[in-house]
Peer 1: 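If you scroll down you'll find the structure; I have some questions about it.
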Amino acid sequence: MAIESQLELEWLGGPSERRLRASRPGFDDLPWDSFEPRADDAENPNLIATRALWTNGVFTEYASAAAFAAMAGAFLECRAPVDLSAAAADIVVDEIDHATVASRLVMELGGAVPFRADFALVSPATTPDASPVVRAAELALKTSCVGEALSISALSRSLAGADHPLVRAVLDRLLRDEGHHARIGAWFFEWADDRLGDDDRRHLAGVALDAIAVYRPLWRDRCAACEAPAALGGTAPQSHAELMIDAVRTRVAAPLERLGIALDRDRLDELLQ
Ligand SMILES: [Fe+2]
Ligand SMILES: [Fe+2]
């Protein structure tokens, strides 16, 4: 039974806060007071769309943290090299830092919009009874090779259009970490190469296509009227769609093929229509 609740990040403070701030310094140096509120902010549709964009951003960062946490556990379970597992676990902290940065930005913009989710389902599922290495491969695929690869393109485009100093500083901090997030999947597949058989690769190609299908709303059916202004991190629906289709082909499908996971071209073309 789904139990949904409003997205809200709780903060404990004290030693856990000091530990997080020490490992990801610079949070307080962002230009937090550079956003100047106006009297009509609560009714301004552009600002409401921006708050919605960044409220969704808090959730996607939070969900990425859960996904990398699942991936780090799966790496340990399949006895992947421990430095690789450490990198996966460390990326969890990156993503939690991103969630907190995006959350503070939302607060500066006037607060979150209603956003409900079932947090018990936030971690990605894997195929029941899959072997430990295939389970780890599924998580690496969905989280890094697909999700993070697409997020680099989207964030880079947002940064190119953004001109508010706070939004630029936040996007900069998010993007700084994304290169490794998108590459750790490939590092895993290079190690796992001789541990995956042909059947596993065919299965994983299907998993990758299913993962791409989840992102279809990024290039189809985007609501033009609900888009946030570029200055605050939004992108026009048409150019965003073209960017995402190109990213699926060049940043997801082509690198996966080089790693021995060839996606069915007809199904990929169909998904990208
Ligand atoms: Fe992130
Ligand atoms: Fe990321």
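Numbers for residues simply follow the sequence, beginning at 1. All ligand and atom numbering here is 1-based and tracks the order in the structure. Quick caveat: nothing in here was measured; it's all calculated off a predicted structure.
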Peer 1: Does a donor on one side chain and an acceptor on the other come within less than 3.5 Å for Thr100 and Arg24?
Peer 2: no
Peer 1: In His98, the N, O or S atom nearest to the Fe ion (ligand 1) is which?
Peer 2: ND1
Peer 1: Taking the Fe ion (ligand 2) as the vertex, what is the angle from OE1 of Glu178 to OE1 of Glu148, given to 10 degrees?
Peer 2: 60°
Peer 1: How about Asp94: does one of its N, O or S atoms come closer than 2.8 Å to the Fe ion (ligand 1)?
Peer 2: no
Peer 1: Looking at His98 versus Tyr62, is the centre-to-centre ring distance below 6.0 Å?
Peer 2: no
Peer 1: Taking the cut-offs as 6.0 angstrom to the six-membered ring centre and 45 degrees off its axis, would you call Arg104 and Phe27 a cation-pi pair?
Peer 2: no
Peer 1: I'd like the atom name of the N/O/S atom in Glu95 lying closest to the Fe ion (ligand 2).
Peer 2: OE2
Peer 1: Measuring only between side-chain heavy atoms, which start at C-beta, is Trp187 closer than 4.5 Å to His180?
Peer 2: yes
Peer 1: Using only N, O or S atoms, tell me which atom of His181 is closest to the Fe ion (ligand 2).
Peer 2: ND1
Peer 1: Cut-off 3.5 Å, side chains only: do Arg135 and Thr127 have a donor facing an acceptor?
Peer 2: no
Peer 1: How is the N/O/S atom of Glu61 that comes nearest to the Fe ion (ligand 1) named?
Peer 2: OE1
